[in-house]
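Keep in mind that the numbers below use all heavy atoms, side chains included, and drop hydrogens, waters and symmetry copies.
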Amino acid sequence: GCAFALVRLELDLMAELFWPGHVDVGTGIMEIGRSSMTLEQLVCKEDGTPVARARTVIVQLNQTIRKSQPFSAEARQRLARHMMSRSPQG
């Protein structure tokens with residue numbers, strides 16, 4: 001089987017949040033590589049104020065040998081349906 005590992009995280013904190021509270025998180029795929037994908041997230045308060053943004057790289061791993069495993073053609077097609085045309089960060 002396969003698993004995913006978070007291998008890179010860039011996080012920009014833009015405003016304060018207070019507990020308790022609610023946030024909305026938007027996530028989009030920005031790039032699809034051989035065995036990895038780059039995601040961008042935007043976190044907003046309920047009123048729409050952005051409070052954080054992130055860029056992450058996730059790698060698909062072969063669980064047996066614990067090394068990167070290329071996406072199948074089917075997986076690439078499914079992921080491609082969720083590609084963003086531009087950055088949610090701006």
Side-chain angles (χ1 to χ4, degrees):
C2 68
F4 289 93
L6 178 72
V7 298
R8 182 171 175 83
L9 170 63
E10 297 173 39
L11 178 62
D12 296 317
L13 302 173
M14 303 157 56
E16 288 184 301
L17 281 176
F18 299 98
W19 181 264
H22 297 277
V23 296
D24 292 315
V25 180
T27 301
I29 298 172
M30 303 309 296
E31 299 172 33
I32 301 171
R34 186 182 72 84
S35 60
S36 67
M37 62 182 140
T38 302
L39 308 176
E40 288 194 9
Q41 293 86 20
L42 183 63
V43 181
C44 297
K45 292 181 184 180
E46 288 180 283
D47 67 3
T49 303
V51 295
R53 59 183 171 208
R55 186 172 179 93
T56 58
V57 177
I58 298 173
V59 175
Q60 180 175 258
L61 297 176
N62 178 298
Q63 286 184 304
T64 303
I65 61 173
R66 303 303 293 169
K67 294 194 183 238
S68 65
Q69 174 176 304
F71 293 123
S72 68
E74 180 183 352
R76 291 180 70 74
Q77 285 180 335
R78 288 182 179 202
L79 291 170
R81 287 186 242 156
H82 301 283
M83 287 280 295
M84 300 287 295
S85 58
R86 64 176 189 81
S87 171
Q89 297 179 15

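When side chains are defined from C-beta on, Phe71 counts as touching Ile32, because their heavy atoms get closer than 4.5 Å.
When the side chain to side chain donor-acceptor pair (under 3.5 Å) test is applied to Gln60, no partner is found at least two apart in sequence or on another chain. Scored by the side chain to side chain donor-acceptor pair (under 3.5 Å) test, Asn62 finds Gln69 as partners (sequence neighbours excluded). For Arg8, the side chain to side chain donor-acceptor pair (under 3.5 Å) partners two or more places apart in sequence, or in a different chain, are Glu10. For Thr49, the side chain to side chain donor-acceptor pair (under 3.5 Å) test picks out Asp47, with sequence neighbours left out.
Atom CG of Leu6 is separated from atom CD1 of Ile58 by 6.0 Å, given to the nearest 0.5 angstrom. Rounding to the nearest 0.5 Å gives a distance of 10.0 Å between CE of Met37 and NE2 of His82.
The minimum heavy-atom distance linking Leu42 with Pro50 is given by the pair CD1-CB, 4.1 Å. Nearest heavy atoms, Leu61 versus Ala5: CD1-CB, 3.7 Å.
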query: Would Val23 and Leu17 satisfy side-chain contact (heavy atoms from CB on, under 4.5 Å), going step by step from the backbone distance to the final call?
result: CA-CA 9 Å; Val23 296; Leu17 281 176; 3.8 Å; yes

- prompt: Yes or no on side-chain contact (heavy atoms from CB on, under 4.5 Å) for Met14 and Val51, after CA distance, side-chain angles and deciding distance?
  reply: CA-CA 5 Å; Met14 303 157 56; Val51 295; 5.6 Å; no

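If you chain together hydrophobic residues whose side chains sit under 4.5 Å apart, Phe4 and Val57 never meet in one group. Hydrophobic clustering of Ile, Leu, Val, Met, Phe, Trp and Tyr side chains at less than 4.5 Å, counting indirect connections, keeps Met84 apart from Ile29.
Residue pairs that meet the salt bridge (charged side-chain N to carboxylate O under 4.0 Å, His left out) test with at least one member in residues 64-79, sequence neighbours left out, are Glu74-Arg78. A side chain to side chain donor-acceptor pair (under 3.5 Å) check over residues 16-36, counting only residues at least two apart or in different chains, returns the pairs Glu31-Arg55.
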